[in-house]
2 protein chains.
Amino acid sequence: MRMSDGVEWAAHACALLAALPEGVGVSAALLAEFNDLPPAYMAKHMQALARAGVVTSARGAGGGYRLARPASEVTLWDIVEAVEGPEPAFRCTEIRQKGPCAAKPAECRHPCQIAAAFHAAEKAWRGSLKAVSLASILADLARKQSPARRAELLAWLETKL
Amino acid sequence: MRMSDGVEWAAHACALLAALPEGVGVSAALLAEFNDLPPAYMAKHMQALARAGVVTSARGAGGGYRLARPASEVTLWDIVEAVEGPEPAFRCTEIRQKGPCAAKPAECRHPCQIAAAFHAAEKAWRGSLKAVSLASILADLARKQSPARRAELLAWLETKL
DNA sequence: TCTATTGCGGATATTTAGCATCCGAATTAT
DNA sequence: ATAATTCGGATGCTAAATATCCGCAATAGA
Ligand code: FES
Ligand code: FES
């Protein structure tokens, strides 16, 4: 079981967007350059975020991406769902209905105990991710990151806008 | 992100082993037949469980697999770890150390906030799986499954032993 | 209007991970 | 000893994720 690297990329991109002043758009190419990522593939992930309504896109000169909601309203789960899709990692294939001792469909109105346990575990996982918003990430970051470094980052961005 | 189907197979196989009387071994081929699964591939997963110490294997005639510990001491996480490996689904590639504004390694003594949040979520997921043992699964099953059906299953098994 | 910029979607190649199978080695009952 | 049984690692195959490119549509500014 492995999560796509695109999730890390998208999360960092969103964190950067959240740190930006209101109203400015950033192109996918610049977001990719910031972390030295393949521009074309980064663009794909940004499109996924836009389709999911996490960010809004504006075409044309001076366009780019920006957050669709306040940073406190965007959680890590929103990003995972946008990039990886909403399907659970564990997918019961109902093997109990196969084989010589197959359970009858009528006996399967309740989900299998094993499947239920896995779904509960994933619910806990999602809940943990939903509790973390971009705002809380930035708050943590501000506590541990020196103000000088933050200024350095913003300065570099301004030269590219 | 997708979990291997082998996890479901292994979980059901272990549940079956747990339901069996003490001291009997079941071959991988029979475990596969029980749920209509590819025998050779099922065997591979059983080997993974054996390597991880979840089950013990005995070769030769009359051999087969059996649980290495009491059913109450085997959790779903043990099975996932054996089949999928212990690595976390989210793997931080430290992209913050890449690009024109790369963070210096000295600034990365603490893990990235994003990585920390994902690791916390996975810890919650694993914790939920560790709370479910084979014994608790069988107990739930016994509550919802008719005694007649349970007898039917054991009867079929005896014909194959 | 014309041009430069930027996002969008589809088509495509490449790489990786999962799926499935086979045959040899080890062990046990006869 | 011998044959039957079963595990174990090595090997090919298939599907999916990864990564890239290019044409099209839309927008802003000259
Ligand atoms: S039948 Fe799918 S988990 Fe039990
Ligand atoms: S650098 Fe990997 S999650 Fe932030």
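Here is the naming used below: chain letters follow the sequence lines, and residue numbers restart at 1 for every chain.
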S.K.: What's B:G25 touching, base or sugar-phosphate or nothing? Going by heavy atoms closer than 4.0 Å.
M.R.: nothing
S.K.: Counting only non-hydrogen atoms, which of residues 2-18 of chain B are less than 4.0 Å from DNA chain C?
M.R.: B:S4, B:D5, B:W9
S.K.: Using heavy atoms and a sub-4.0 Å distance, could you list which residues of residues 26-36 of chain A are near DNA chain C? By number, please.
M.R.: A:V26, A:S27, A:A28
S.K.: If you look only at pairs with a residue in residues 36-46 of chain A, which of them pass as a side-chain hydrogen bond (donor to acceptor under 3.5 Å, both in side chains), with sequence neighbours excluded?
M.R.: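 Of all non-adjacent pairs touching residues 36-46 of chain A, none passes side-chain hydrogen bond (donor to acceptor under 3.5 Å, both in side chains).
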S.K.: When you compare the side chain of A:L16 with that of A:V26, does any pair of heavy atoms fall below 4.5 Å?
M.R.: no
S.K.: With side-chain hydrogen bond (donor to acceptor under 3.5 Å, both in side chains) as the rule and sequence neighbours excluded, what pairs involving residues 83-106 of chain A come up?
M.R.: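 Residue pairs with at least one partner in residues 83-106 of chain A: A:E87-A:R91, A:T93-B:E8, A:E94-A:R96, A:E94-A:Q97.
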S.K.: Only pairs at least two apart or in different chains count here, so list each ring-ring contact (aromatic ring centres under 6.0 Å, His included) that has a residue in residues 56-75 of chain A.
M.R.: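 Sorted result for residues 56-75 of chain A: empty, none.
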S.K.: In terms of hydrophobic clusters joined by side-chain contacts under 4.5 Å, are B:I114 and A:L141 together?
M.R.: no
S.K.: Do B:L20 and B:L67 have side chains that get closer than 4.5 Å, going by heavy atoms?
M.R.: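 B:L20 does not reach B:L67 side chain to side chain.
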S.K.: Could you list all the side-chain hydrogen bond (donor to acceptor under 3.5 Å, both in side chains) pairs where at least one residue sits in residues 116-143 of chain B, not counting sequence neighbours?
M.R.: B:D140-B:R143
S.K.: Mind checking whether B:V83 and B:W9 have side chains closer than 4.5 Å, heavy atoms only?
M.R.: no
S.K.: Can you give the first and last nucleotides of DNA chain D, 5' to 3', that have an atom under 4.0 Å from a heavy atom of chain A?
M.R.: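 Using the under 4.0 Å cut-off, the span is D:dT18 to D:dA28.
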S.K.: Tell me the ring-ring contact (aromatic ring centres under 6.0 Å, His included) pairs involving residues 80-100 of chain B, sequence neighbours left out?
M.R.: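 Those involving residues 80-100 of chain B are B:F90-B:F118.
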S.K.: With heavy-atom distances below 4.5 Å as the criterion, would you say the side chains of B:V132 and B:I137 are in contact?
M.R.: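 With C-beta onward as the side chain, the pair touches.
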S.K.: Who pairs with A:D78 by salt bridge (Lys or Arg N to Asp or Glu O under 4.0 Å), at least two apart in sequence or on another chain?
M.R.: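 Partners of A:D78 by the salt bridge (Lys or Arg N to Asp or Glu O under 4.0 Å) criterion, ordered by chain and then number, come out as A:R69.
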S.K.: Does A:I79 reach the side chain of A:L49, with side-chain heavy atoms less than 4.5 Å apart?
M.R.: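 They are in contact (side-chain heavy atoms under 4.5 Å apart), so the answer is yes.
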S.K.: Nucleotides 27-30 of chain C: which of its N/O atoms have a protein N/O under 3.5 Å away?
M.R.:
none

S.K.: Looking at SG of A:C14 and CG of A:L134, how far apart are the two atoms once the value is rounded to the nearest 0.5 Å?
M.R.: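 One gets 6.0 Å once the value is rounded to the nearest 0.5 Å.
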S.K.: Any pair with a residue in residues 145-160 of chain B that passes salt bridge (Lys or Arg N to Asp or Glu O under 4.0 Å), sequence neighbours left out, goes on the list, sorted by first then second residue, please.
M.R.: A:E107-B:R149, B:E33-B:K160, B:R149-B:E152
S.K.: Can you check whether B:I95 reaches A:L37 side chain to side chain, under 4.5 Å on heavy atoms?
M.R.: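 The answer is yes; the side chains approach within 4.5 Å.
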S.K.: Does anything in residues 40-53 of chain A come within less than 4.0 Å of DNA chain C? Heavy atoms only, and list the residues if so.
M.R.: A:K44, A:Q47, A:R51
